[in-house]
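Keep in mind that the numbers below use all heavy atoms, side chains included, and drop hydrogens, waters and symmetry copies. Letters go in sequence order (proteins before strands), and every chain restarts at 1. What you are looking at is a predicted structure, and each value in this text was computed from that prediction instead of being measured.
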Number of protein chains: 2
Amino acid sequence: MGFWLRLAQQAAFEAFHRRMAPLGLTPGRMALLLLLEEGPDRRQAEIAEALRIKPSNLAVLAGGLEAEGLIRRVEDPRDRRAVRLRLTPAGRALLRRAKQQEAQVEADLAARLDPATRTMLLDALRRIAGA
Amino acid sequence: MGFWLRLAQQAAFEAFHRRMAPLGLTPGRMALLLLLEEGPDRRQAEIAEALRIKPSNLAVLAGGLEAEGLIRRVEDPRDRRAVRLRLTPAGRALLRRAKQQEAQVEADLAARLDPATRTMLLDALRRIAGA
DNA sequence: TATTGTTATACTCTATAACTATA
DNA sequence: TATAGTTATAGAGTATAACAATA
């Protein structure tokens, strides 16, 4: 099972890369942008936990996106150690295009799966991940 | 879907590591040993293709296993450029123990999946990997 | 003292290019 | 010239430790 998980994940990554590389997005970047659209102004520690990455790696990720003007770091006035992240208009515009492309990625991956199988697959993956 | 594939694969890797680290085995090493048990004396190029890794990375993998006395490199008499790999008795003995542990890994992963779901999952993963 | 975020660093997996020795 | 394997190296993704600023 581990073997096929590896190959499937590899295929998923390649599908993502094919569609998203022109937009300069990796899976990690995309996940962060989506999270900020859904709920802005979260602290980085909270975001790292949601994305299941280390805060140190999120710092690098966020630094890159900020340098490209896609997100902003906002100092929390109540706790000046904390940094809250939000999308810039440029980030929002990019995300709009990215979401269309991402639908294509999902379609590529699920091309040979009927909808019911796809639903079961996602459920099974979540359960394995949470074990 | 890519997100959950990543987390599931991570969980699978951790489950493997917990059970197999005492034996000094990684997923790649285990896959190679299993392949040699199933059909010995294959050329490395052929093995790399079966495992879906690059020949250059297989060379390193095989080098390590040979240094530990688990496999042997045998020069092909018909084509002295080619190298064929086979298990040593030590490799065979380790593999026997490893296979018992691997059954535990699979059990850990499939713990919350009924057998039918597990079958469906494997089938879906194979299809995604082959896309 | 403890916590937030950052930097530096290391380890694994994967990929490419250059090399050798055969063919 | 082409092929099998090897080496060196570089790029992602992920992990830990040490640090500065703030609490």
Side-chain angles (χ1 to χ4, degrees), chain A residues 2-3 5-18 20-21 24-32 41-67 71-85 129, chain B residues 2-3 5-14 16-18 20-21 24-32 41-67 71-86 129:
Chain A
F3 181 73
L5 275 171
R6 173 174 76 89
L7 294 188
Q9 208 237 341
Q10 227 164 31
F13 186 84
E14 275 159 28
F16 189 98
H17 206 259
R18 265 197 306 279
M20 303 299 235
L25 291 180
T26 61
R29 285 172 153 233
M30 181 71 179
L32 176 52
D41 290 349
R42 301 204 223 193
R43 291 184 308 103
Q44 287 191 186
E46 196 185 340
I47 292 168
E49 193 185 7
L51 297 182
R52 312 242 210 147
I53 63 178
K54 300 289 161 190
S56 57
N57 295 324
L58 177 56
V60 177
L61 197 60
L65 291 172
E66 189 184 36
I71 68 173
R72 276 209 311 148
R73 275 183 231 243
V74 184
E75 189 183 75
D76 186 328
R78 300 191 185 190
D79 182 344
R80 283 168 44 224
R81 293 172 305 181
V83 179
R84 293 177 183 275
L85 303 182
Chain B
F3 182 73
L5 275 171
R6 174 174 77 89
L7 294 188
Q9 209 236 342
Q10 230 165 28
F13 186 84
E14 276 158 26
F16 190 99
H17 205 259
R18 266 198 305 279
M20 303 299 234
L25 291 180
T26 61
R29 286 172 153 233
M30 180 71 178
L32 177 51
D41 290 348
R42 302 205 223 191
R43 290 184 306 103
Q44 287 191 190
E46 197 185 339
I47 293 168
E49 192 185 7
L51 297 181
R52 313 244 209 144
I53 63 178
K54 299 292 164 191
S56 57
N57 294 324
L58 177 56
V60 178
L61 197 59
L65 291 172
E66 189 185 35
I71 68 172
R72 275 210 311 148
R73 275 183 233 244
V74 183
E75 188 183 76
D76 186 329
R78 299 189 185 189
D79 181 345
R80 283 168 44 224
R81 293 172 305 184
V83 179
R84 293 176 182 276
L85 303 182
R86 65 171 59 157

Between [N] atom [atom2] and [X] atom [atom1], what is the distance in whole Å?
| X | N | atom1 | atom2 | answer |
| --- | --- | --- | --- | --- |
| B:Leu58 | C:dA15 | CG | C1' | 15 Å |
| A:Lys54 | C:dA10 | NZ | P | 19 Å |
| A:Leu32 | C:dG5 | CG | P | 13 Å |
| B:Phe16 | C:dT12 | CZ | P | 15 Å |
| B:Gln9 | C:dT14 | CD | P | 8 Å |
| B:Leu61 | C:dT14 | CG | C1' | 13 Å |
| B:His17 | D:dA15 | NE2 | C1' | 12 Å |
| B:Arg42 | D:dA4 | CZ | P | 16 Å |

Would you check, one step at a time, whether the test side-chain contact (heavy atoms from CB on, under 4.5 Å) holds for B:Arg6 with A:Phe13? CA-CA 9 Å; B:Arg6 174 174 77 89; A:Phe13 186 84; over 6 Å; no
Can you sort out which residues in residues 72-85 of chain A have a heavy atom within less than 4.0 Å of DNA chain C? Ascending by number, please.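 Within this stretch, A:Arg73, A:Arg81, A:Ala82, A:Val83 sit under 4.0 Å of the strand.
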Give me the residues of residues 43-52 of chain A where at least one heavy atom lies under 4.0 Å from an atom of DNA chain C, by number, or none.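 Heavy-atom contacts with DNA chain C come from A:Arg43, A:Gln44, A:Ala45.
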Letter per nucleotide, 5' to 3', of nucleotides 7-13 of chain D [B base touched, S only sugar-phosphate touched, - untouched; heavy atoms, 4.0 Å]: B-----S
Is the shortest heavy-atom distance from the side chain of B:Ile53 to the side chain of B:Leu61 under 4.5 Å?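 In contact.
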Kindly indicate whether the side chain of B:Leu85, heavy atoms from C-beta on, has any atom under 4.5 Å from the side chain of B:Asp41.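 No. Closest side-chain heavy atoms not under 4.5 Å.
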So, using side chain to side chain contact (heavy atoms under 4.5 Å, CB included) as the criterion, who are the partners of A:Glu14 when residues are at least two apart?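 With neighbours one apart ignored, the set is A:Gln10, A:Arg18.
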Non-neighbouring partners of B:Arg72 that pass side chain to side chain contact (heavy atoms under 4.5 Å, CB included), sequence neighbours left out: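 Here the qualifying residues are B:Val74, B:Arg86, B:Thr88.
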Where is the tightest heavy-atom contact between B:Ala129 and A:Ala11, given as atom of each residue plus distance?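 Distance-wise, the nearest heavy atoms are CA-CB, 4.0 Å.
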What pair of heavy atoms forms the shortest contact from B:Met30 to B:Leu25, and how long is it?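 Taking B:Met30 first and B:Leu25 second, the nearest heavy atoms are SD-CD1, 3.9 Å.
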Under the salt bridge (charged side-chain N to carboxylate O under 4.0 Å, His left out) rule, collect the residues that match up with [X], sequence neighbours excluded.
| X | value |
| --- | --- |
| A:Arg43 | none |
| A:Glu66 | A:Arg73 |
| B:Arg52 | none |
| A:Arg29 | A:Glu68 |

Side chains of residues 75-82 of chain B: which donor-acceptor pairs under 3.5 Å do they make with residues two or more places apart or in other chains?
from	atom 1	to	atom 2	distance (Å)
B:Asp76	OD1	B:Arg78	N	2.8
B:Asp76	OD2	B:Arg84	NE	2.8
B:Asp76	OD2	B:Arg84	NH2	3.0
B:Asp79	OD1	B:Arg81	N	3.0
B:Asp79	OD1	B:Arg81	NE	3.2
B:Asp79	OD2	B:Arg81	NH2	3.0

Checking A:Leu58 against A:Leu32 for the side-chain contact (heavy atoms from CB on, under 4.5 Å) test, could you report, in this order, the C-alpha distance in whole Å, the side-chain angles of both residues, the deciding distance, and whether it holds? CA-CA 9 Å; A:Leu58 177 56; A:Leu32 176 52; 3.9 Å; yes
Take the C1' atoms of the five end pairs on each side of the helix from C:dT1-D:dA23 to C:dA23-D:dT1, derive the two axes, and give their angle rounded to 10 degrees.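 Inter-axis angle at the termini of the helix from C:dT1-D:dA23 to C:dA23-D:dT1: 20°.
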